[in-house]
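Please read the structure below before turning to the comments.
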Amino acid sequence: MKLSGAQILWECVAREGVTDIFGYPGGAILPAYDALLGYPMIRHVLVRHEQGATHMADGYARASGRVGVAIATSGPGATNMVTGIATAMMDSSPIVCITGQVGSRLVGSDAFQETDITGITLPITKHNYLVTSPADVAASVREAFAVARSGRPGPVLVDITKDAQQGSCEFDWDAAEPHLTEAYDDALPGDGDDRDAIALINAAERPLILAGHGVIQSGAERELLALAERAQIPIAVTLLGLGGVPASHPLNLGMMGMHGEAWVNQAIQQADLLIALGMRFDDRVTGNLKTYAPTARKIHVDIDRAELNKNVRVDVAIASDLRVALNAWGSQVAPGDRRAWLAHIAELKGDASVRDIQNLPDDGHLYAAHVINDLWRLTQGNALVVTDVGQHQMWEAQYYKHERSRSLITSGGLGTMGFALPAAIGAKIARPDAEVWVVVGDGGFQMTMAELATVVQEQLDINVAIVNNGYLGMVRQWQEFFYEKRYAATPLVNPDFVKLAEAYGLFATGVRTRGEVAAAVEAARRSGRAAIIDFHVEREDSVYPMVPAGADLHKMIRRPSPIVETAAD
Ligand SMILES: Cc1cc2nc3c(=O)[nH]c(=O)nc-3n(C[C@H](O)[C@H](O)[C@H](O)COP(=O)(O)OP(=O)(O)OC[C@H]3O[C@@H](n4cnc5c(N)ncnc54)[C@H](O)[C@@H]3O)c2cc1C
Ligand SMILES: Cc1ncc(C[n+]2csc(CCOP(=O)(O)OP(=O)(O)O)c2C)c(N)n1
């Protein structure tokens with residue numbers, strides 16, 4: 001069957017099972033857009049900025065586990081994608097980005113809207129392709145999907161010249177089947193021996209599981225809980241691991257790291273064994289590496305061999321898909337009695353719990369923690385929450401109790417402000433039945449709020465909670481703690497977000513006191529359309545506890561005023 005390169009592109013995308021793509025047209029990608037009209041089974045979501053398209057594809061992928069697809073034209077369209085691609089790369093999110101390129105004979109001539117996007121994205125993609133002939137489209141596109149979803153997932157870019165889209169050739173799906181090299185395929189059995197890992201676990205008195213994003217990505221939630229319950233090992237989770245273990249599970253201690261629970265960080269420092277599963281020892285998680293978990297032996301299971309012994313030297317390093325590894329350990333892990341260790345952690349919890357906000361008398365002030373806590377109660381923990389980056393992101397992690405995998409989507413590794421709204425659009429399209437809440441700061445919201453028009457055009461029912469403190473809050477907090485309150489470039493003058501939302505035809509309301517929170521959330525939920533709530537929160541509140549960057553993990557800054565204990569809350 002003879003098809004144009006553009007038709008081959010969509011033929012392959014459709015056969016990969018893709019039903020939704022996110023993009024923005026332009027000259028060099030016009031042949032592909034023209035051919036798209038012949039593929040009505042693929043829904044195209046017109047974004048307002050190509051960065052939005054990449055975050056949407058990313059949110060789609062994180063919400064569903066399927067590959068997200070974004071498309072843009074050459075030059076500025078392609079460069080606008082760079083932040084979204086880097087975001088997906090840092091958090092191992094599988095997306096395929098398709099860009100148009102100038103005609104192959106013009107490549108290298110500084111032609112109109114020519115950029116070397118494969119060169120630019122080389123370090124922030126798992127792999128990328130420059131396709132200059134229609135005969136190469138099928139193999140490149142099929143391989144791009146295979147690379148994006150294989151092994152450790154990640155972003156792949158396919159740059160297709162205009163003449164490669166316009167020219168024709170025979171389309172042969174089978175002949176284009178990808179044959180991945182080991183580097184992009186699932187990990188081979190690792191060097192570390194399962195028997196060594198099991199022996200360490202069985203001998204440990206104070207073991208701790210560190211559960212990361214890889215638990216969710218490998219679908220190993222049940223296997224992980226089975227291990228923890230059988231051996232009675234407590235679990236700490238990373239930011240991107242939240243939801244992989246139900247928050248209410250008695251062995252789940254909560255989040256580790258810079259803004260993690262104080263008792264979790266102390267338990268890490270006192271453990272005699274860390275079992276790190278699908279997490280990469282980010283510096284937000286370890287603090288000072290020289291003093292990190294000094295008394296612990298360490299086991300690390302990761303699908304990416306390059307992560308093993310990268311930041312933290314371990315005793316047993318296993319390169320494997322996590323689910324495969326945990327199944328192999330299975331019943332060889334001995335049933336454990338770790339009551340003494342668990343009781344000790346419960347004591348740490350009692351001593352260290354400083355998050356009192358819930359029990360503070362209502363003095364007329366509205367704290368972000370109130371907002372998140374009420375949102376959690378009112379949605380009964382069932383919402384799919386997509387956060388932006390900053391203080392509100394950390395408060396969400398602390399106060400919204402995630403019970404299910406893929407119920408929190410957030411930019412962890414790159415920490416990309418502007419991520420939340422577009423990622424939520426992708427998530428809602430991937431899971432139309434989910435109740436989606438965006439939790440976003442007044443700063444980050446203004447980076448990509450143009451995508452509200454996409455929400456309206458696609459008739460998406462998404463709720464946006466703006467945690468409005470009139471500052472670039474997280475940076476203000478660093479200035480308060482480390483720069484003597486010299487607030488350089490952090491106070492914000494904002495538009496009236498309620499009026500803005502109304503201009504888009506959305507439901508909108510503002511909240512200034514704690515007593516108004518519940519009614520506003522319920523009104524947004526009942527409105528049956530996209531909604532924005534502008535929460536005017538305490539302007540100079542800070543996120544506690546905090547491990548200053550590079551400090552020892554147990555040396556946390558605590559909330560200064562004495563506050564009532566609510567560990568059980
Ligand atoms: C303002 C701010 C503050 C932050 N504070 C904190 C904090 O206090 N605590 C915290 O935890 N984080 C914090 N972060 C996030 C932090 O920067 C990292 O993004 C996060 O810790 C990474 O979590 P992870 O290692 O689980 O996930 P990833 O970075 O996604 O790594 C996942 C790992 O799992 C592996 N993997 C993937 N699939 C599989 C599989 N099938 N089988 C086995 N392995 C697999 C991957 O190879 C990778 O090594 C913060 C971020 C921001 C922006
Ligand atoms: C694109 C981008 N630029 C700058 C930063 C640095 N940064 C991290 S948090 C933050 C402040 C965020 O402010 P806001 O969105 O209002 O959220 P808040 O911290 O107040 O909750 C900034 C500027 C970033 N993470 N991303």
Side-chain angles (χ1 to χ4, degrees), residues 51 62 83 87-94 150-154 186-187 210-220 236-242 244 254-261 264-265 276-287 300-308 310-311 318-326 368 387-398 410-420 439-448 466-478 489-490 492 494 537 539 541-543 545-547 549 553:
Q51 179 184 350
R62 296 193 207 205
T83 300
T87 304
M89 184 71 177
M90 288 293 275
D91 291 348
S92 301
S93 186
S150 74
R152 177 179 185 167
D186 288 340
L210 306 182
H213 196 192
V215 173
I216 296 166
Q217 292 183 303
S218 74
V237 288
T238 65
L239 176 69
L240 296 186
L242 288 171
M255 189 169 84
M256 65 185 91
M258 178 177 275
H259 292 295
E261 311 291 357
V264 172
N265 289 344
L277 305 177
M279 55 81 73
R280 61 180 175 81
F281 291 110
D282 183 272
D283 53 69
R284 288 282 183 271
V285 158
T286 59
H300 191 185
V301 184
D302 200 290
I303 202 163
D304 184 353
R305 202 181 281 273
E307 288 297 340
L308 301 171
K310 186 181 90 177
N311 295 338
I318 297 176
S320 168
D321 173 70
L322 184 59
R323 195 148 147 237
V324 171
L326 292 182
T387 80
D388 215 70
V389 170
Q391 291 183 310
H392 64 279
Q393 178 188 29
M394 295 296 107
W395 281 314
E396 196 283 343
Q398 294 178 340
T410 191
S411 167
L414 200 68
T416 305
M417 284 172 71
F419 172 81
V439 174
V440 63
D442 42 334
F445 183 62
Q446 292 182 73
M447 284 200 165
T448 53
I466 302 176
V467 179
N468 183 350
N469 52 14
Y471 276 109
L472 296 172
M474 185 56 96
V475 180
R476 187 211 60 77
Q477 175 171 341
W478 282 51
T490 44
L492 288 172
N494 292 324
V537 298
R539 293 199 67 202
D541 193 14
S542 290
V543 183
M546 177 178 188
V547 182
L553 197 57

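One-based numbering, in listed order, for ligands and for the atoms of each. Index from 1, following the sequence.
- No side-chain heavy atom of Arg323 sits less than 4.5 Å from a side-chain heavy atom of Gln217.
- Near Asn469, the atoms of ligand 2 lying under 4.0 angstrom from a non-hydrogen atom of the residue are 20 (O).
- For the pair Glu307 and Arg152, the minimum side-chain heavy-atom distance is below 4.5 Å.
- No salt bridge links Asp282 with Arg284; every basic N to acidic carboxylate O contact stays at or beyond 4.0 Å.
- Heavy atoms from both the backbone and the side chain of Met279 come within less than 4.0 Å of ligand 1.
- When each atom of ligand 1 is checked for a heavy atom of Gly415 under 4.0 Å away, the hits are 53 (C).
- Protein heavy atom closest to atom 6 (C) of ligand 1, with residue, atom name and distance, is Arg284 CB, 3.9 Å.
- Of the protein's heavy atoms, Asp282 OD1, 3.5 Å lies nearest to atom 16 (C) of ligand 1.
- By the 4.5 Å heavy-atom criterion applied to side chains, Met417 and Phe445 are not counted as neighbours.
- Taking a cut-off of under 4.0 Å to the non-hydrogen atoms of Gly413, the atoms of ligand 1 that pass are 19 (O).
- Residue contacts with ligand 1: Ser411 is placed with no nitrogen or oxygen under 3.5 Å of a nitrogen or oxygen of the ligand (distance criterion only).
- On a distance-only criterion, Gly390 and ligand 1 share no N/O pair closer than 3.5 Å.
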Pair Phe419-Gln51, side chain to side chain contact (heavy atoms under 4.5 Å, CB included): steps then yes or no: CA-CA 9 Å; Phe419 172 81; Gln51 179 184 350; over 6 Å; no

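- Residue Gly257 approaches ligand 1 through these ligand atoms, each under 4.0 Å from one of its heavy atoms: 8 (O), 9 (N).
- When only non-hydrogen protein atoms are considered, atom 11 (O) of ligand 1 lies nearest to Leu239 N, 2.9 Å.
- Counting heavy atoms from C-beta outward, Val439 and Val467 have side chains that approach closer than 4.5 Å.
- In this structure, of Asp541, Val543, Val475, Leu472, the residue bringing a heavy atom nearest to atom 13 (O) of ligand 2 is Leu472.
- Atoms of ligand 2 found under 4.0 Å from any heavy atom of Gly443, numbered from 1 in the order shown, are 14 (P), 15 (O), 16 (O).
- Residue Leu322 places at least one N or O, backbone or side chain, under 3.5 Å from an N or O of ligand 1.
- Residue Gly473 approaches ligand 2 through these ligand atoms, each under 4.0 Å from one of its heavy atoms: 13 (O), 18 (P), 19 (O), 20 (O).
- For the pair Ser92 and ligand 1, the shortest N or O to N or O distance does not fall below 3.5 Å.
- Gly278 O, 3.6 Å is the protein heavy atom nearest to atom 32 (C) of ligand 1.
- Classification of Arg62 and Asp91 as a salt-bridged pair holds, one side-chain N sitting under 4.0 Å from a carboxylate O.
- Using a 4.5 Å heavy-atom cutoff, the side chains of His300 and Ile318 are not in contact.
- In terms of N/O distances under 3.5 Å, ligand 1 is not approached by Val285.
- Atoms of ligand 1 lying under 4.0 Å from at least one heavy atom of Gly260, given by number and element, are 8 (O).
- When hydrogens are left out, the protein atom nearest atom 15 (O) of ligand 2 is Gly444 N, 2.7 Å; that is the closest non-hydrogen contact.
- When hydrogens are left out, the protein atom nearest atom 30 (O) of ligand 1 is His213 ND1, 2.8 Å; that is the closest non-hydrogen contact.
- Between Thr410 and Leu239, the closest side-chain pair of non-hydrogen atoms falls below 4.5 Å.
- Contact atoms of ligand 1 toward Glu307: 49 (O) (distance under 4.0 Å to a heavy atom of the residue).
- Contact check for Asp388 versus Gln393: no side-chain heavy atoms found under the 4.5 Å cut-off.
- Shortest contact from atom 28 (P) of ligand 1 to any protein heavy atom: Arg280 NE, 3.7 Å.
- Contacts with ligand 1 closer than 4.0 Å are made by heavy atoms of both the backbone and the side chain of Met258.
- Residue nearest to atom 6 (C) of ligand 2, selected from Met417, Arg476, Met394: Met417 (by heavy-atom distance).
- Residue contacts with ligand 1 include Ser320, since one of its heavy atoms falls under 4.0 Å from the ligand.
- Of the protein's non-hydrogen atoms, Gly412 O, 3.5 Å is the one closest to atom 51 (C) of ligand 1.
- In the vicinity of His392, heavy-atom distances shorter than 4.0 Å reach the ligand 2 atoms 17 (O), 18 (P), 21 (O).
- Ligand 2 has no nitrogen or oxygen under 3.5 angstrom from a nitrogen or oxygen of Leu492.
- Close to ligand 2: Gly415, with a non-hydrogen atom less than 4.0 angstrom away.
- Near Ser218, the atoms of ligand 1 lying under 4.0 angstrom from a non-hydrogen atom of the residue are 40 (C), 41 (N), 42 (N).
- Not a single N or O atom of Leu240, backbone or side chain, sits closer than 3.5 Å to an N or O atom of ligand 1.
- With a heavy-atom cut-off of 4.0 Å, Asp442 touches ligand 2 through backbone and side chain alike.
- Met394 places a side-chain heavy atom less than 4.5 Å from the side chain of Met474.
- Close approach to Gly212 involves these atoms of ligand 1, each under 4.0 Å from a residue heavy atom: 26 (O).
- Residue Leu242 holds its CG atom at 11.0 Å from NE2 of His213, rounded to the nearest 0.5 Å.
- Of all the atoms in ligand 1, the ones that sit under 4.0 Å from a non-hydrogen atom of Gln217 are 37 (C), 38 (N).
- When all heavy atoms of Met90 and Leu414 are compared, the closest pair comes out as CB-N, 3.7 Å.
- Contacts with ligand 1 closer than 4.0 Å are made by side-chain heavy atoms of Met394 only, the backbone lying farther away.
- Under 4.0 angstrom from ligand 1, the non-hydrogen atoms of Asp321 come from both its backbone and its side chain.
- In the vicinity of Met474, heavy-atom distances shorter than 4.0 Å reach the ligand 2 atoms 9 (S), 19 (O).
- Ranking the protein heavy atoms by distance from atom 53 (C) of ligand 1 puts Gln393 OE1, 3.5 Å first.
- In Tyr471, the part holding a heavy atom less than 4.0 Å from any atom of ligand 2 is the backbone.
- When the heavy atoms of Gln393, Gln391, Met447 are ranked by distance to atom 19 (O) of ligand 2, first place goes to Gln391.
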